[in-house]
There are 2 protein chains.
Amino acid sequence: MSAASTPEPAGLSRRDELLAIAGGLFAERGFKNTTVRDIADAAGILSGSLYHHFDSKESMVDELLDTFQTELWKQYDAIEASDLTARGKLEAVVRASFEAIGEHRNEVAIFQSDALYLATFERFGYLIERNRKFRTLWTGLLEAGVASGELRADLDIALVYRFLRDTVWVAVRWYRPGGTLTPADVADQYLTILLQGIEKESR
Amino acid sequence: MSAASTPEPAGLSRRDELLAIAGGLFAERGFKNTTVRDIADAAGILSGSLYHHFDSKESMVDELLDTFQTELWKQYDAIEASDLTARGKLEAVVRASFEAIGEHRNEVAIFQSDALYLATFERFGYLIERNRKFRTLWTGLLEAGVASGELRADLDIALVYRFLRDTVWVAVRWYRPGGTLTPADVADQYLTILLQGIEKESR
DNA sequence: TAGCCTACCAAGCACTTGCTTGGTAACGAA
DNA sequence: TTCGTTACCAAGCAAGTGCTTGGTAGGCTA
């Protein structure tokens, strides 16, 4: 098979195109509230034609979420294995997450609003697993930061974790690329608030 | 009609009971993903019987959200009209919001996950109005805090507002009453992080 | 020229959705 | 005893759901 025989002339196959369309709709109105007819309409084809490319509606989200998460965890693993301090790793992880919001908004939004529902199917059991791994990573960094004296010791770690996790990922609800703020800008401001607070001359 | 002829012997009418059941399901799995049969099953009746008490599924959420928001805004208005400093008002508003999460978890959760969808119907136009009023209140307090020197001036107000708003309301996703943390405890910790940050010996 | 592949359409099936309709049983007041 | 009220059931409808089926048109390859 020669390279010229690949079915994607523009670099993005029809399949990938459809997947992106589906991702946009899932992110916008939720997985269950998006019908296969919605997706087909947006793509300019009939709903039955989608099944030439995909097994099911479920397999579309599956592919979207799995691909994204695998990529994100490559970055997390690299950060965890680096020789940064706990605080440095925490900052790097926050920055990587905001980058993910910038580059994979749809996938993050889908995960945010539909992971709980999807996880009820055993097909999506890996979502629960990844979630636990995520919590372990973040709380581990927070604990290490307290132990090293970089972070204050008088706060409830579990609560700080949830605070941190939620504030980072919920940003996907309002962040739109192309504005004046880059994901790096948002990460800077968030880290400043998180680390130093909004009070003037505190402590 | 004597007082003894009221249909609610326990103080909670059957209607209110059904509304509470519906609220729990809406909060748990979303408005669109909850069927009238789900609600009826949970109440131990058939779906058609619900229509003896309510006009439609929509009117159930409507009643839940409107009642809750009216009550919440009574508190906000009182805080705004008080003679606290900007920072004091900000703290009070955050605390009132966490109290709302404690006492009206279902309604807050429904608003968080379904307001955007519901607002597409003109019946729920008041949700958009309330949202704008909310943003005006919070950003106004932040700006007043910066002007009075209570809050630092080097941060993007619009971004701090979103940070603040999201961190408060997203807590409804994990907060469960009856645990070791009261809403006041969570508010204390969140305000500490928000105002002073998690860094040790900052600035 | 034949065979295969990609991408799609047209029709429809089995099921679920919100909601409607006509009826019944229990109960208190007149 | 009659009447209205409250609370429900049983059955079902129209619209919409995910998905399947049998088919076609065009292009590439041998």
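All figures in this text were calculated on a predicted structure; none of them were measured in a lab. Residue numbers start from 1 in every chain, and the chains themselves are labelled A, B, ... in the order their sequence lines are given, proteins ahead of strands.
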Write down the distance between [atom1] ([X]) and [atom2] ([N]), rounded to a whole number of angstrom.
| X | N | atom1 | atom2 | answer |
| --- | --- | --- | --- | --- |
| B:Phe121 | C:dG18 | CZ | P | 12 Å |
| B:His53 | D:dA7 | NE2 | C1' | 6 Å |
| B:Asn33 | C:dT16 | CG | P | 15 Å |
| B:Leu46 | C:dC19 | CG | P | 16 Å |
| B:Arg123 | C:dG18 | CZ | P | 15 Å |
| B:Glu17 | D:dA7 | CD | P | 11 Å |
| B:Met60 | C:dC19 | CE | C1' | 11 Å |
| B:His52 | D:dC8 | NE2 | P | 7 Å |

Nucleotide N/O of nucleotides 17-19 of chain D paired with protein N/O under 3.5 Å:
| residue | atom | partner | partner atom | Å |
| --- | --- | --- | --- | --- |
| D:dG18 | OP1 | A:Thr34 | O | 3.3 |
| D:dG18 | OP1 | A:Lys57 | NZ | 3.0 |
| D:dG18 | OP2 | A:Val36 | N | 3.0 |
| D:dG18 | N7 | A:Arg37 | NH1 | 3.0 |
| D:dG18 | O6 | A:Arg37 | NH2 | 3.1 |
| D:dC19 | OP2 | A:Tyr51 | OH | 2.7 |
| D:dC19 | OP2 | A:Lys57 | N | 2.9 |
| D:dC19 | O5' | A:Tyr51 | OH | 3.4 |
| D:dC19 | N4 | A:Ser47 | OG | 3.3 |

**Prompt:** According to the side-chain hydrogen bond (donor to acceptor under 3.5 Å, both in side chains) rule, which pairs have a member within residues 168-180 of chain A, sequence neighbours left out?
**Reply:** A:Trp174-B:Asp166

**Asked** According to the interplanar angle, ranging from 0 to 90°, do the rings of A:Phe124 and A:Phe121 count as parallel (below 30°), tilted (30 to 60°) or perpendicular (above 60°)?
**Response** perpendicular

**A:Ser49, nearest nucleotide to its side chain (from D:dT6, C:dC9, C:dA7)** = C:dC9

**Request:** Please name all residues satisfying side chain to side chain donor-acceptor pair (under 3.5 Å) with A:Arg123, sequence neighbours left out, ordered by chain then number.
**Result:** A:Asp62

**Message:** Between A:Phe68 and A:Trp73, is there a side-chain heavy-atom distance shorter than 4.5 Å?
**Reply:** no

**Prompt:** Ring centroid separation for B:Phe163 and A:Phe163, is it under 6.0 angstrom?
**Reply:** yes

**Item:** Short side-chain to backbone donor-acceptor contact, A:Asp114 and A:Tyr117, under 3.5 Å
**Value:** no

**Asked** Does a nitrogen or oxygen in the side chain of A:Arg14 sit under 4.0 Å from OP1 or OP2 of C:dC8?
**Response** yes

